[in-house]
Amino acid sequence: NLITEENTNAKKIRKLVQIPSLSESIPDNIQYLLIGGGTASFSAFRAIKSADPTARVLVISAEGYLPHMRPPLSKELWYGDDTEMAKSLNFHQWNGTSRSLFYEPEPFYTPVEELTTAKNGGISLARGWKVESINVSKKKVKLNDGKEISYDKCLIATGSVPKTLKLYDDANEELKNKFSVFRSISDFEDLWEQLGHIKSIAIIGGGFLGSELAASLANKGKKNGVKIYQIFKEKGNMGKVLPKYLSHWTTEKVRNEGVEVVTETEVENCSLENNKRQVNLKLSNGKNISVDHVIMAVGAKPNTELATDAGLEIDSKLDGYLVNSELQARTDLYIAGDCACFYDKQLGRRRVEHHDHAVISGRLAGENMAGAAKPYQHQPMFWSDIGPSVGYEAIGIVDSSLATMGVFAKGNHKDPSLLANETDQNTLTNKKETNEELVSKNNESISENDYNKGVVFYLKNDVIVGIVLWNLFNRMSIARQVLKTNRCYKDLNEVAKLFNIHGD
Ligand code: FAD
Ligand code: NAD
Ligand code: NAD
């Protein structure tokens with residue numbers, strides 16, 4: 001009944017560490033059952049324990065690792081010269097301090113055998129175990145070896161799984177072996193090891209993962225002369241998130257890191273070549289690229305495989321388990337993190353695939369499981385770092401198909417007198433044409449420096465629904481307050497002043 005690692009990398013399937021090794025040691029009944037060992041689950045057990053100090057919490061995680069965060073896997077772990085540090089999954093944070101990827105060390109967790117009898121309750125982890133099904137009316141789950149566990153309250157926090165390309169799905173095993181996805185610690189370890197002996201990698205996808213990894217791998221691969229290609233269909237990196245001019249600027253930065261970025265292009269076909277050592281990618285722009293390895297960073301799909309059997313509803317537009325503002329799917333059954341499609345009272349129905357949302361929704365679910373009955377109302381932020389010169393934080397609905405308005409520090413940011421102002425598809429004044437002129441004019445005439453630092457507002461019916469803080473930190477609480485006002489501002493330059501763009 002051993003399950004395999006939660007990744008889809010063909011041929012790289014490893015037998016999992018399964019602790020405890022026998023399911024007899026796992027309790028038959030539990031007060032709080034958390035399915036998934038990721039960030040949402042971690043945040044939920046912290047909230048449950050602080051609301052109910054003697055709570056007995058059982059976490060079932062399909063991963064063979066202790067609960068950990070994922071963001072450094074595509075960023076911090078690739079920088080710095082200390083290989084041993086990266087191998088031990090420790091990294092330097094933005095403020096210089098070092099920390100582990102793991103939220104808590106092993107001794108933090110109560111051994112599962114002791115959970116039922118421990119005087120003050122505790123948090124136990126059954127790792128390498130998978131919940132196969134849930135019987136919602138009987139309040140029971142079944143593990144991969146058939147063992148049943150009854151619960152009082154249950155959380156589903158099963159996250160998401162990487163999507164793959166159709167040309168990969170249709171490929172034979174030999175070709176599949178040249179492809180991978182990237183989400184877990186074992187994906188990181190495999191790629192780290194590969195980078196030691198291959199000379200070229202193509203990353204397919206221009207979103208968060210593809211863009212972060214491209215910059216990180218280019219930096220890491222510099223010494224060994226590893227060539228990094230990034231291929232995607234958008235016009236620039238993060239094109240679905242950033243306004244056109246900023247996406248374009250970011251792509252130039254990624255190119256400066258040494259990545260060969262191929263925009264507005266799709267991979268049409270692939271085959272093995274050079275004695276099967278390499279993959280040939282046939283591109284929609286008519287060119288061919290030969291590489292030693294291909295990483296698919298083509299989005300993630302919420303992991304809702306427990307839904308059908310349990311009779312839980314999936315959102316037809318956004319995907320993910322449908323829950324209310326209290327994150328409830330059914331009585332005593334809660335959902336948090338990437339796999340939850342929840343109702344945000346201010347911004348409407350949403351699904352968010354970011355770290356801080358996993359923290360905030362996990363915490364809310366935990367509080368509600370312990371009796372709080374609170375709605376979702378604290379807006380989560382997210383961030384991304386693409387190489388050393390692009391870092392941003394964002395809040396709300398950040399989607400490049402919306403009207404945007406950006407204000408940037410011009411040139412040397414010590415000069416407080418000059419602000420450049422960018423509008424993309426601005427519906428505020430209905431002067432679409434004029435504003436597009438402004439963008440293109442500025443794209444030609446403003447030096448690269450101009451987008452070093454600034455703020456971008458995203459608008460729906462002239463109301464700010466999202467904010468990006470571009471290379472601008474420690475201002476998230478201001479952004480949160482602006483978003484909360486939920487109103488139409490006449491002069492967004494005035495709103496931008498609140499952010500004191502030249503302040504540090
Ligand atoms: P996950 O972290 O995916 O955890 C889900 C858990 O459920 C896993 O342990 C899985 O094995 C387990 N599971 C699934 N099914 C079962 C089952 N049936 N039984 C038992 N266990 C099961 N966000 C940001 O905001 N900023 C970043 O910089 C950032 N960087 C990222 C970098 C990478 C490489 C990746 C992959 C993601 C990044 N994210 C970032 C996104 C963020 O990590 C996710 O949004 C977050 O991990 C979601 O947490 P979660 O708990 O919902 O899901
Ligand atoms: P994404 O949705 O951000 O980007 C997907 C990219 O793949 C886009 O460029 C898209 O055009 C492309 N794509 C989609 N289908 C394709 C196809 N059939 N052929 C070619 N290209 C295709 O997702 P991602 O970058 O893969 O990230 C995976 C997950 O990890 C997401 O949940 C993401 O939110 C999360 N993540 C977040 C961060 C962050 O918040 N900083 C960092 C890394 C990963
Ligand atoms: P937090 O709750 O904001 O962050 C929790 C976790 O997310 C931490 O592991 C942190 O390292 C990570 N994180 C948050 N924002 C990040 C970002 N922009 N880039 C990389 N990782 C990030 O708590 P905190 O870490 O104590 O942050 C306190 C304040 O500092 C926040 O306002 C945050 O936005 C800011 N910050 C600034 C930078 C920077 O590069 N100057 C980086 C991170 C955080």
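Just so it is clear, the structure is predicted and the values come from calculations on it, not from any experiment. Both backbone and side-chain heavy atoms feed into the values below; hydrogens, waters and symmetry mates do not. One-based numbering, in listed order, for ligands and for the atoms of each.
Of the N or O atoms in Ala62, one or more lie within a sub-3.5 Å distance of an N or O in ligand 1. An N or O contact shorter than 3.5 Å is missing between Ala300 and ligand 2 by distance. Inclusion of Ala40 in the set of residues having an N or O under 3.5 Å from an N or O of ligand 1 is warranted. Of the polar atoms of Trp129, none of the N or O atoms is found under 3.5 Å from an N or O of ligand 1, judged by distance alone. Remark: ligand 2 and Glu234 share an N or O pair separated by less than 3.5 Å (distance only, no angle test). At a 3.5 angstrom cut-off on N or O pairs, His354 counts as close to ligand 1. For ligand 1, the polar-atom distance check against Glu63 finds a nitrogen or oxygen pair separated by under 3.5 Å. In terms of polar-atom proximity, Ala358 is not counted as a contact of ligand 1, lacking any N or O under 3.5 Å from an N or O of the ligand. Ligand 1 has no N or O atom lying under 3.5 Å from any N or O atom of Asp356, backbone or side chain. Note: no N/O pair closer than 3.5 Å links Glu305 and ligand 1 by distance alone. Not one N or O of Ile204 is nearer than 3.5 Å to an N or O of ligand 2, by distance alone. Ligand 1 has no N or O atom lying under 3.5 Å from any N or O atom of Ser384, backbone or side chain.
Inspection of the Thr251 and Asn237 side chains reveals an N or O donor paired with an N or O acceptor under 3.5 Å. Asn135 and Ser133 share no donor-acceptor pair across their side chains, judged by distance under 3.5 Å alone. Under 3.5 Å, the side chains of Ser180 and His293 contain a donor-acceptor pair of N or O atoms.
Nearest to atom 3 (O) of ligand 1 by heavy atom, out of Lys130, Lys75, Arg183, Met381, is Arg183. One option in His354, Gln230, Lys75 has a heavy atom closer to atom 40 (O) of ligand 2 than any other, and that option is His354. Atom 38 (C) of ligand 1 has its nearest heavy-atom neighbour, among His68, Arg70, His357, in Arg70. Heavy-atom proximity to atom 23 (O) of ligand 2, evaluated over Gly239, Gly299, Ser160, Gly207, is greatest for Gly299. Among Gly64, Pro67, Ser61, Pro71, the residue whose heavy atom lies nearest to atom 39 (N) of ligand 1 is Pro71. Of the candidates Phe182, Phe208, Tyr392, Phe208 brings a heavy atom nearest to atom 39 (C) of ligand 2.
Of the protein's heavy atoms, Arg183 NH1, 4.1 Å lies nearest to atom 30 (O) of ligand 2. Closest protein heavy atom to atom 6 (C) of ligand 2: Ala297 O, 3.5 Å. The protein heavy atom nearest to atom 14 (C) of ligand 2 is Val298 O, 3.5 Å. Closest to atom 42 (C) of ligand 2, if we only count protein heavy atoms, is Glu212 OE1, 3.2 Å. Here the protein heavy atom with the shortest distance to atom 25 (O) of ligand 2 is Leu209 N, 2.8 Å. Atom 35 (C) of ligand 2 has as its closest protein heavy atom Glu353 O, 4.1 Å.
Taking the six-membered ring for Trp and the full ring otherwise, the centers of Tyr451 and His248 sit at least 6.0 Å from each other.
Within a 6.0 Å radius of NZ in Lys147, other residues, nucleotides and ligands contribute more than 12 heavy atoms.
Both the backbone and the side chain of Trp383 come within 4.0 Å of ligand 1, judged by heavy-atom distances. With a heavy-atom cut-off of 4.0 Å, Glu266 does not touch ligand 2 at all. Under 4.0 Å from ligand 1, not a single heavy atom of Val352 appears. Residue-level proximity to ligand 2 for Leu165 is carried by the side chain, the only part with a heavy atom below 4.0 angstrom.
Partner of Asp338 under the salt bridge (Lys or Arg N to Asp or Glu O under 4.0 Å) criterion, chosen from Arg183, Arg351, Arg70: Arg183.
Contact annotation: Lys233 has at least one heavy atom less than 4.0 Å from an atom of ligand 2. The closest approach between a heavy atom of Lys163 and any atom of ligand 2 is not below 4.0 Å.
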Candidate pair Phe102 and Ile185, rule side chain to side chain contact (heavy atoms under 4.5 Å, CB included), full reasoning: CA-CA 11 Å; Phe102 299 105; Ile185 289 178; 3.8 Å; yes
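Using a 4.0 Å cut-off between charged side-chain N and carboxylate O, Lys139 and Asp332 make a salt bridge.
The nearest pair of heavy atoms linking Pro71 to Glu76 is O-OE1, 4.1 Å.
Cation-pi geometry between Lys176 and Tyr168 is satisfied (NZ or CZ under 6.0 Å from the ring centre, within 45° of the ring normal).
The distance from ligand 1 to the heavy atoms of Ile35 drops below 4.0 Å at these ligand atoms: 17 (C), 19 (N), 20 (C).
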